[in-house]
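As structure tokens, the structure follows; a few thoughts come after it.
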Protein chains: 2
Amino acid sequence: MNPGLRSGELAEAAGVNLQTLRYYERRGLLAEPRRSPGGHRLYPAEALTLLRVIKTAQRLGFTLDEVAELVDLGTHRHGRRADTSLQRRAATKLTEIETKIADLQAIASSLRAALDAGCDDLATCATSACCPIPLAALDRGEPTR
Amino acid sequence: MNPGLRSGELAEAAGVNLQTLRYYERRGLLAEPRRSPGGHRLYPAEALTLLRVIKTAQRLGFTLDEVAELVDLGTHRHGRRADTSLQRRAATKLTEIETKIADLQAIASSLRAALDAGCDDLATCATSACCPIPLAALDRGEPTR
DNA sequence: GGTAAGCCTGTACCCGGGTACCGGATGCAA
DNA sequence: TTGCATCCGGTACCCGGGTACAGGCTTACC
């Protein structure tokens, strides 16, 4: 069995700071890896995949806590015939994600409209209260937070 | 012409803190509104729409600077036959958004798979390096940041 | 066995995005 | 014109997500 990645190697491969690995470990996102006799961390190869997943999810606007939850949902053995609480958390997360997708699509199409109208069409309404309007499509009026 | 919203009313309507309005003003996200003779802010009704747009975009993982940019792209008069720099920024933003959508869709479908497999199917691989794999679909290996 | 690169723990700091609090001025209604 | 809610500017603080640094131990290679 090969010795595994050292922390520096993993950090480099994942494009994150070495300190970040330890930070994630403290946060419980990254399991404590085994150690060399002298106490140096030795990570399994999958840790790299996990890190990339974390980074991607983060780019999408998930907090680290949420990422931890997502990772749990995917990772955890969820006992056979899982306790439905996990299922429910996954379902919830899924609808959250679907909402985000819909919102992004609304933004994207406004931008697209703005682009291929070349702004001249939009300029017709530019005089006053018009221009936020394409974006306003995604206004749901939730008193966010 | 009606007097406009007072800061408290606007904050309440938008579900944000009063301080946040001033913060956004400092950041340049919210234009300085006109003032009452005594110096109290009086916002036009569109400010509410704008705030909702800001909040939505934020939920999607845009930073305030990015939101400012998006809002500019939509709001600004971008002179007729706009300087292409704006067009280009919009195009860039659009591909960013499309990327986010694709990533979210990847996450969503893994979650969906996990859900309707009821985790039992996934459990077959659960022994070791398997479970992050559905999420790993969206691993692009970008050395993010 | 010497030595440079790498890693260890711990603590302190940074940035983004707000939020709270202060003492004082304003708005508005009775 | 008095009284209370609201708002003002300014400054200080909080939280999430890292990042840096110090002082000391390990590893790896000659």
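All heavy atoms count here, side chains included; hydrogens, waters and symmetry mates do not. Protein chains get the first letters and strands the later ones, always in sequence-line order, with residue 1 at the start of each. Given the structure is predicted, the values throughout are model-derived calculations rather than measurements.
Because its NZ or CZ atom is not both nearer than 6.0 Å to the ring centre of B/F62 and within 45° of the ring axis, B/K93 does not count as a cation-pi partner of that residue.
Rounded to whole angstrom, the span from the OH atom of A/Y23 across to the C1' atom of C/dT11 amounts to 15 Å. The CG atom of A/L42 sits 12 Å away from the C1' atom of D/dT26 (whole-angstrom rounding). Put simply, CZ on A/R22 is 13 Å from C1' on D/dG18, counting in whole angstrom units. Taking atom CZ of A/R26 as the reference point, atom P of D/dG18 lies 11 Å away to the nearest angstrom. Between the CG atom of B/L5 and the C1' atom of D/dC7 there is a distance of 15 Å, given to the nearest Å. Atom pair B/L10:CG and D/dC7:P shows a separation of 10 Å (rounding to whole Å applied). Look at CG on B/L18: it is 11 Å from P on C/dA20, rounded to the nearest Å. Rounding to whole angstrom units, CG of residue A/D65 and P of D/dG17 are separated by 6 Å.
Within 4.0 Å of A/R27, counting heavy atoms only, lie sugar-phosphate atoms of the nucleic acid but no base atom.
Side-chain N/O atoms of B/R35 include one lying less than 4.0 angstrom from OP1 or OP2 on D/dG9. Of the side-chain N and O atoms in B/T20, none sit less than 4.0 angstrom from OP1 or OP2 of C/dG17. Between B/Y24 and C/dG17 there is no side-chain polar atom (N or O) within less than 4.0 angstrom of OP1 or OP2. B/K55 has no side-chain polar atom (N or O) that falls below the 4.0 Å cut-off from OP1 or OP2 of C/dG17.
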With 3.5 Å as the limit, what N/O pairs link the protein to nucleotides 1-4 of chain D?
none

Collect all protein-nucleotide pairs involving nucleotides 23-30 of chain C in which both atoms are nitrogen or oxygen and the distance is under 3.5 Å.
{"residue": "C/dT26", "atom": "O4'", "partner": "B/H40", "partner atom": "NE2", "Å": "3.4"}
{"residue": "C/dG27", "atom": "OP1", "partner": "B/S36", "partner atom": "OG", "Å": "2.6"}
{"residue": "C/dG27", "atom": "OP1", "partner": "B/G38", "partner atom": "N", "Å": "3.3"}

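Considering only heavy atoms from C-beta on, A/D65 comes within 4.5 Å of A/R27 through its side chain.
Applying the side chain to side chain donor-acceptor pair (under 3.5 Å) rule to B/E9 yields no partners; only residues at least two apart in sequence or on another chain are considered.
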Side chain to side chain contact (heavy atoms under 4.5 Å, CB included) assessment of A/E66 paired with A/E96: CA-CA 11 Å; A/E66 288 171 328; A/E96 276 172 44; 4.0 Å; yes
Verdict with supporting geometry, A/E25 and A/R41, side chain to side chain contact (heavy atoms under 4.5 Å, CB included): CA-CA 11 Å; A/E25 194 174 313; A/R41 287 171 181 81; 2.9 Å; yes
Working for side chain to side chain contact (heavy atoms under 4.5 Å, CB included), residues B/L21 and B/Y43: CA-CA 11 Å; B/L21 293 185; B/Y43 293 93; 4.0 Å; yes
Evaluation steps, side chain to side chain contact (heavy atoms under 4.5 Å, CB included), between A/R112 and B/E98: CA-CA 11 Å; A/R112 234 172 265 121; B/E98 281 162 348; 3.0 Å; yes
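Clustering ILVMFWY residues whenever any of their side-chain heavy atoms sit less than 4.5 angstrom apart, transitively, puts B/L42 in a cluster other than the one holding B/L30.
Here C/dG17 is the nucleotide among D/dT19, C/dG17, C/dA20 with the atom lying nearest to any side-chain atom of B/L64. Set against D/dG9, C/dA20, C/dT9, the side chain of B/Q19 has C/dA20 as its closest nucleotide. Of the candidate nucleotides C/dT19, C/dC7, D/dC8, C/dC7 has the atom lying nearest to any side-chain atom of A/S7.
Of the possible donor and acceptor atoms, none in the side chain of A/T20 sits under 3.5 Å from a partner among the backbone N and O of A/V16. One N or O on the side chain of B/T99 and one on the backbone of B/T95 form a donor-acceptor pair closer than 3.5 Å.
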